[in-house]
Amino acid sequence: MDRPDATFTLAYVVFALCFVFTPNEFRSAGFTVQHIFSQWLGSEDIGFIQHHLRRSTLTALLHCCLPLGYYIGMCVAAPEQDLLQVHRAAQGWQLYLGFSLAVLLVSCVLVFCWSRRGWENHPICRALSAHALPRSSWRAVAASINTEFRRIDKFASGCPSARVIVTDSWVMKVSTYSLHIALQQDCHLTVTNCTQHSLSPELNAPVQILTIRVSSINPRVQPFTIRLKSSEYAELQEKLQAPIRNAANVVIHLSMSELFLETFKTYVKMNAVYECPSGQELEPCIGCMQVSAGVKLLRLCDGEGECQQCYCRPMWCLTCMGKWFASRQDQQQPETWLSSRVPCPTCRAKFCILDVCSVE
């Protein structure tokens, strides 16, 4: 490896692979198309579709520049091969240069074809056109998606080059060169496979990856697959209008917090029931604002504990109280969660799981 050309070749191959298949280290360092050209790409939050039109186009061009970049680099790394004088270079290098220029030329022609008629030929715009109403265009669909993407209640998972996004009306998968789109009311999702990984770099724990197929009744929409962690499965289900089918009978592992939440609800149902005074109306849960408050904290455990009397009126639903209880635990010691005590989310009086009563 003392030869400069061999060292450069190895380094350039590693660089090209990392640039195309961006690892977490490159992404953390900001060495991505989205970060380097962020000023030109514009904000994803403001114009989601326009951002990915520019991103996919620029990504295709940059990736097609990589073969030519290697030739230019070799001109510096191996000056003895006289690559700057193309007519004096070896025949193999002449063929490689012709191939590199052809790849770049084809990509430029392809981008030019995409840009015709206001980018109507771009793969993303063609995907949007499949959902356009009669006498409408892909821009109307793009405006709808842009509006829904700005909302904070969307589901988003995965790295930027393989991200899954679910809004109130759309299921989308962002890929390197395109964007897969399906209308929620027209599609159904099916779990087709799962893979078990013994260690996740992010969680430092085992993780299950689910493969879900998204199919649409619209014949113009091609089926596509999405991948996500099993711990995100419940959140995805909450955002979808229809249930996810499990055709392969895959056993989906719940996250530690979800397992605890189910156990928490079971224990609370065995506790005493709190009867509201006559005339008192239950207000919406201040945690989710979706359902009525459903629990009251009453000190029912033994007096030797650290629990305190809570005088708050019912303000939380059972699910939100369970999530609050789990969020206050030591995530590294799940075996202590059921026996621990946490402060009331409103008045900070300490309570245990025995003090949580359902409201009637």
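All residue numbers in this chain count up from 1 along the given sequence.
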Exercise for the section: Answer yes or no: is there an ion pair linking Glu306 with Arg341, defined by an N-O contact shorter than 4.0 Å? Expected result: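 Answer for the salt bridge query: no.
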Within the distance-only criterion (no hydrogens, no angle test), does the side chain of [X] pair as donor or acceptor with the backbone N or O of [Y] below 3.5 angstrom?
X: Thr266; Y: Glu262; answer: yes
X: Ser340; Y: Trp337; answer: yes
X: Tyr96; Y: Leu68; answer: no
X: Gln208; Y: Ser230; answer: no
X: Arg299; Y: Cys307; answer: yes
X: Gln94; Y: Ala89; answer: yes

Exercise for the section: Of all the heavy-atom pairs spanning Ile244 and Gln237, show the shortest one and how long it is. Expected result: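 That closest heavy-atom pairing would be CD1-CG, 3.8 Å.
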Problem - Minimal non-hydrogen separation, Leu282 against Ala293, with atom names - result: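 Looking at all heavy atoms of both residues, the shortest contact is CD1-O, 3.4 Å.
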What's the spacing between [X] [atom1] and [Y] [atom2] if we round to 0.5 Å?
X: Ile49; Y: Met172; atom1: CD1; atom2: CE; answer: 6.5 Å
X: Cys317; Y: Ile286; atom1: SG; atom2: CD1; answer: 10.0 Å
X: Thr225; Y: Ile212; atom1: OG1; atom2: CD1; answer: 10.0 Å
X: Asp355; Y: Asn271; atom1: CG; atom2: CG; answer: 8.0 Å
X: His52; Y: Ser178; atom1: NE2; atom2: OG; answer: 11.0 Å
X: Ser144; Y: Arg139; atom1: OG; atom2: CZ; answer: 15.5 Å

Treat each ILVMFWY residue as a node, draw an edge where side-chain heavy atoms are under 4.5 Å apart, and state whether [X] and [Y] are in one component.
X: Leu179; Y: Val171; answer: no
X: Val106; Y: Trp114; answer: no
X: Met270; Y: Tyr274; answer: no
X: Met74; Y: Phe99; answer: no
X: Leu53; Y: Leu62; answer: no

Contact between [X] and [Y] at the side-chain level, heavy atoms closer than 4.5 Å - yes or no?
X: Pro284; Y: Gln290; result: no
X: Phe37; Y: Thr32; result: no
X: Lys350; Y: Cys310; result: no
X: Cys276; Y: Val359; result: yes
X: Leu300; Y: Cys357; result: yes
X: Phe48; Y: Arg150; result: no
X: Ser115; Y: His122; result: no
X: Cys312; Y: Cys344; result: yes

Practice task
Give the C-alpha distance, both sets of side-chain angles, the deciding distance and a yes or no for side chain to side chain contact (heavy atoms under 4.5 Å, CB included) between Phe19 and Val33.
Solution key: CA-CA 9 Å; Phe19 189 67; Val33 174; 4.0 Å; yes
Handout entry: Parallel, tilted or perpendicular, as decided by the 30° and 60° cut-offs, for the rings of Tyr12 and Tyr70
Key =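 Judged by the thresholds at 30° and 60°, the geometry between Tyr70 and Tyr12 is tilted.
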Practice task
Assign the ring pair Trp170 / His131 to parallel, tilted or perpendicular, where the plane angle (0 to 90°) is split at 30° and 60°.
Solution key: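 Geometry flag for His131 against Trp170: perpendicular rings.
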Will you find, in the side chains of [X] and [Y], an N or O donor that is under 3.5 Å from an N or O acceptor?
X: Thr57; Y: Trp119; result: no
X: Ser169; Y: Glu148; result: yes
X: Thr190; Y: Arg213; result: no
X: Asn146; Y: Gln50; result: yes

With a cut-off of 6.0 Å (strictly less than), are more than 12 heavy atoms of other residues, nucleotides or ligands near [atom1] of [X]?
X: Glu80; atom1: CD; answer: yes
X: Leu95; atom1: CG; answer: yes
X: Glu275; atom1: CD; answer: no
X: Glu281; atom1: CD; answer: no
X: Arg116; atom1: CZ; answer: no

Practice task
Before giving the answer on side-chain hydrogen bond (donor to acceptor under 3.5 Å, both in side chains), spell out for Trp138 and Glu120 the whole-Å C-alpha distance, their side-chain angles and the decisive distance to 0.1 Å.
Solution key: CA-CA 8 Å; Trp138 65 268; Glu120 282 188 0; 4.8 Å; no
Handout entry: Cation-pi check, Lys173 onto Phe224 ring (under 6.0 Å, within 45° of axis)
Key =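 Lys173 over Phe224 ring: no.
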Exercise for the section: Please lay out, stage by stage, how Val109 and Cys113 fare under the test side chain to side chain contact (heavy atoms under 4.5 Å, CB included). Expected result: CA-CA 6 Å; Val109 172; Cys113 293; 4.3 Å; yes
Practice task
Starting from the C-alpha separation in whole Å, work towards a yes-or-no answer on side chain to side chain contact (heavy atoms under 4.5 Å, CB included) for Thr167 and Ile145.
Solution key: CA-CA 8 Å; Thr167 65; Ile145 294 176; 6.0 Å; no
Handout entry: salt bridge (Lys or Arg N to Asp or Glu O under 4.0 Å) partner of Glu44, chosen from Arg55, Arg54, Arg163, Lys154
Key =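 Checked Arg55, Arg54, Arg163, Lys154 against Glu44; only one passes salt bridge (Lys or Arg N to Asp or Glu O under 4.0 Å): Arg163.
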